Amino acid sequence: MKTFNKILMGLASTVVLLSGCSDFEDLNNDPTKVDKEKVRTHYLLNKSIVDAQQNPHIAERIFVYSWKTAARFERRAGMAVGTNYDSYNSDYLGVDFGAGWFNDVNLAINLSRERLESGEAFSFEHNVLQMSRIWRAYLISELTDCFGPVTIENKYDGVIEYKDQKTIYEFILSELKDAQSQLDPDADMSEIKSAGTDPFYAGDVSKWVKYANSLRLRYAMRLSEVEPEMARKEFEDAASTGNFIKTLSETAEVQEVDSWSGLAGVMSRGWNAQPISVTLNNMMIGLGGGLTSRFLRNWKGK
């Protein structure tokens, strides 16, 4: 009897052990992370778009110190007084900022392509792929316009070759043309609209087409002084579609908020003064010179 009980206990222990083994591999899974299979690519695109707006740490300072100060709108710091702010350029190119925006949109592109090739894509995945390609083309243009030759490969490892700006712009224009042509207006975009993960157009594919063609027009004009024939060809090709931004309601823009985030507008945040010169102020509101004299004479009744 004792032997029989020992056998039963052994079998019971084996059953418990085997049943426990089914969850043993879960010990290696981080419960705070999401498996690649569960990632929604439109959230990655949304993150890239929002983060690349006017983050007060880096996007604002690239704008303020590189452009605003150079144009003498701001004279308290930066190039206007000979101060070197190269550390912000380094931050811009780091993984927390510029490189991070590219990582997010590239991951959206890679995952969308993988799922489309495997037949496991969501109904909106094809359009998210094209939207991500359009947005990445814009990011590349901003990067090369600020820093010159950059990389355009969609990779995460290895040595990546830097391209000259002619090659980069050829890639940008080709990507925009091809991506907008593949957008499907009949695809179900309801999940993106309800999730609010398209800060530009709320899943309206027709407006993404106009955005892409408008970018083609803009970039063609930038080439007019260096590659006039290519610029003319690209501009006429984009213009011939007749499908580009024509009204303010079609503009790609995000809702600004008064906060310390990617959605904080440089010119609208309440805690950041934006001083301008008296001369520029007079030019913008129509005062100064003869106008001021006439205004004062009228005011005094003379």
Side-chain angles (χ1 to χ4, degrees), residues 40-53 98-116 121-146 150-154 163 165 167-187 189 191-193 195-223 234-235 237-247 249-254 262:
R40 291 292 198 269
T41 51
H42 54 96
Y43 280 90
L44 292 168
L45 174 59
N46 175 71
K47 187 174 186 303
S48 179
I49 292 175
V50 171
D51 287 353
Q53 298 306 311
W101 310 335
F102 277 99
N103 285 344
D104 289 332
V105 74
N106 280 335
L107 184 54
I109 290 171
N110 288 339
L111 283 179
S112 296
R113 281 180 172 155
E114 286 179 14
R115 291 170 181 172
L116 287 166
F122 297 100
S123 60
F124 51 79
E125 209 101 52
H126 175 79
N127 280 342
V128 170
L129 170 58
Q130 314 314 324
M131 292 154 58
S132 298
R133 292 172 65 198
I134 293 168
W135 172 245
R136 184 180 64 179
Y138 169 81
L139 284 181
I140 293 173
S141 77
E142 291 290 292
L143 190 64
T144 189
D145 287 348
C146 284
V150 294
T151 177
I152 57 177
E153 278 87 349
N154 185 10
K163 305 294 185 181
Q165 286 191 292
T167 302
I168 292 170
Y169 263 89
E170 287 173 347
F171 173 79
I172 289 172
L173 290 165
S174 174
E175 276 286 274
L176 290 171
K177 181 177 181 178
D178 185 68
Q180 64 85 25
S181 70
Q182 294 194 48
L183 285 166
D184 180 7
D186 298 322
M189 304 291 284
E191 179 173 325
I192 293 176
K193 185 175 182 179
T197 48
D198 176 4
F200 284 161
Y201 298 124
D204 188 337
V205 172
S206 65
K207 289 184 178 179
W208 274 94
V209 172
K210 293 183 177 183
Y211 176 50
N213 285 327
S214 296
L215 288 177
R216 293 172 64 199
L217 293 172
R218 174 191 293 183
Y219 298 149
M221 288 301 296
R222 290 183 184 173
L223 300 177
E234 293 291 343
F235 188 93
D237 186 65
S240 67
T241 67
N243 203 11
F244 43 82
I245 295 173
K246 300 174 184 176
T247 65
S249 64
E250 297 167 344
T251 303
E253 58 185 358
V254 298

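Fair warning: this is a prediction, and the values are worked out from it, not measured in the lab. Values reported hereafter were calculated over all heavy atoms of this structure, with side chains retained and with hydrogens, waters and symmetry mates removed.
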A.B. asks: Roughly how far, to the nearest 0.5 Å, is the CD1 atom of I245 from the NZ atom of K207?
C.D. replies: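 Between K207 NZ and I245 CD1, I get 9.5 Å after rounding to 0.5 Å.
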
A.B. asks: For the residue pair Q180 and A212, what are the closest heavy atoms and their distance?
C.D. replies: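 Closest pair (atom of Q180, atom of A212, distance): CB-CB, 3.6 Å.
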
A.B. asks: With a 4.5 Å cut-off on side-chain heavy atoms, are D204 and M189 touching?
C.D. replies: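 The answer is no; the side chains never approach within 4.5 Å.
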
A.B. asks: Can you say whether the rings of F200 and W135 are parallel (under 30°), tilted (30 to 60°) or perpendicular (over 60°)?
C.D. replies: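 The arrangement is perpendicular - the two ring planes meet at more than 60°.
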
A.B. asks: For a side chain to side chain contact (heavy atoms under 4.5 Å, CB included) check, start with the C-alpha distance between I140 and E175, then their side-chain angles and the critical distance, and finish with the verdict.
C.D. replies: CA-CA 11 Å; I140 293 173; E175 276 286 274; over 6 Å; no

A.B. asks: Take L223 and L173 through the test side chain to side chain contact (heavy atoms under 4.5 Å, CB included) and record every step on the way to the result.
C.D. replies: CA-CA 11 Å; L223 300 177; L173 290 165; 3.8 Å; yes

A.B. asks: Indicate the atoms forming the closest heavy-atom contact of L111 with L44, along with that distance.
C.D. replies: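 Here L111 and L44 meet closest at CD1-CD1, 4.1 Å.
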
A.B. asks: Is there a side-chain contact between I168 and L143 (heavy atoms, below 4.5 Å)?
C.D. replies: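 Sidechains of L143 and I168: no contact.
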
A.B. asks: Check whether the side chains of W208 and N127 place a donor and an acceptor atom closer than 3.5 Å, and report yes or no.
C.D. replies: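 Note: W208 and N127 side chains miss the donor-acceptor criterion.
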
A.B. asks: As a quick check of understanding, evaluate side chain to side chain contact (heavy atoms under 4.5 Å, CB included) for N106 and R136, giving each step before the final call.
C.D. replies: CA-CA 8 Å; N106 280 335; R136 184 180 64 179; 3.0 Å; yes

A.B. asks: With side chains defined as the heavy atoms from C-beta onward, is the minimum distance between L45 and D104 less than 4.5 Å?
C.D. replies: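 In short, these two side chains do not touch, never coming nearer than 4.5 Å.
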
A.B. asks: Does any non-hydrogen side-chain atom of R222 lie less than 4.5 Å from one of D145?
C.D. replies: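 With C-beta onward as the side chain, the pair touches.
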
A.B. asks: Is there side-chain contact between V205 and F124, with heavy atoms separated by less than 4.5 Å?
C.D. replies: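 V205 does not reach F124 side chain to side chain.
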
A.B. asks: How long is the straight-line distance from OG of S240 back to CZ of F235, given to the nearest 0.5 Å?
C.D. replies: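 Output value for this atom pair is 10.5 Å.
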
A.B. asks: Rounded to the nearest 0.5 Å, what separation is found between the OG atom of S48 and the CG atom of N46?
C.D. replies: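 Here the interatomic distance stands at 9.5 Å.
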
A.B. asks: What verdict does the side chain to side chain contact (heavy atoms under 4.5 Å, CB included) test give for S214 and Y211, after you've listed the backbone C-alpha separation in whole Å, the side-chain angles of each residue and the deciding distance to 0.1 Å?
C.D. replies: CA-CA 5 Å; S214 296; Y211 176 50; 5.6 Å; no

A.B. asks: If you compare all heavy atoms of A195 against all heavy atoms of H42, which two are closest, and at what distance to 0.1 Å?
C.D. replies: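 Looking at all heavy atoms of both residues, the shortest contact is CB-CE1, 4.1 Å.
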
A.B. asks: Using only atom types and a distance under 3.5 Å, with no angle test, would you say the side chain of Q165 pairs donor to acceptor with the backbone of T144?
C.D. replies: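 Pair found, side chain donor or acceptor close to backbone of T144.
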
A.B. asks: Using atom types as modelled and distance alone, determine if a side-chain donor or acceptor of Y219 lies under 3.5 Å from a backbone N or O of E170.
C.D. replies: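 Checking the backbone N and O of E170 against the side chain of Y219, no donor-acceptor pair under 3.5 Å is found.
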
A.B. asks: How many angstroms lie between CD1 in I172 and CG in L139, if you round to the nearest 0.5 Å?
C.D. replies: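 That separation rounds to 10.0 Å.
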
A.B. asks: Enter the distance from E114:CD to T41:OG1 here, rounded to the nearest 0.5 Å.
C.D. replies: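 Spacing of CD (E114) from OG1 (T41) equals 11.0 Å.
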
A.B. asks: Out of curiosity, E253 CD to Q53 CD, how far, rounded to the nearest 0.5 Å?
C.D. replies: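 Answer rounded to 0.5 Å: 10.5 Å.
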
A.B. asks: Taking all non-hydrogen atoms of both residues into account, name the closest pair between L129 and S112 and its distance.
C.D. replies: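 For L129 and S112, the tightest heavy-atom pair comes out as CB-CB, 3.8 Å.
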
A.B. asks: Please confirm whether the backbone N or O of V128 pairs with a side-chain atom of S132, one donor and one acceptor, at under 3.5 Å?
C.D. replies: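 Looks like yes, one N/O pair under 3.5 Å.
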
A.B. asks: Is the terminal nitrogen or CZ of R115 (NZ for Lys, CZ for Arg) located under 6.0 angstrom from the six-membered ring centre of F122 and within 45° of that ring's axis?
C.D. replies: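 The answer is no, since R115 fails at least one limit relative to F122.
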
A.B. asks: Please answer whether the main-chain N or O of Y138 pairs with a side-chain N or O of E142 as donor and acceptor at a distance below 3.5 Å.
C.D. replies: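 It does not hold such a pair.
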
A.B. asks: I want to check something: taking the side chain as every heavy atom from C-beta on, are R218 and S141 in contact at a cut-off of under 4.5 Å?
C.D. replies: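 No, too far: nothing below the 4.5 Å cut-off.
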
A.B. asks: Using the salt bridge (charged side-chain N to carboxylate O under 4.0 Å, His left out) criterion, which residues pair with D237? Sequence neighbours excluded.
C.D. replies: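 Counting only residues at least two positions away or on another chain, D237 forms a salt bridge (charged side-chain N to carboxylate O under 4.0 Å, His left out) with K177, R216.
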
A.B. asks: State whether the number of non-hydrogen atoms from other residues, nucleotides or ligands found under 6.0 Å of F244 atom CZ is greater than 12.
C.D. replies: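 Counting neighbours around CZ of F244, more than 12 heavy atoms of other residues, nucleotides or ligands fall under 6.0 Å, so yes.
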
A.B. asks: Which pair of heavy atoms, one from N213 and one from A238, lies closest together, and at what distance?
C.D. replies: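 Shortest heavy-atom contact: O-CB, 3.9 Å.
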
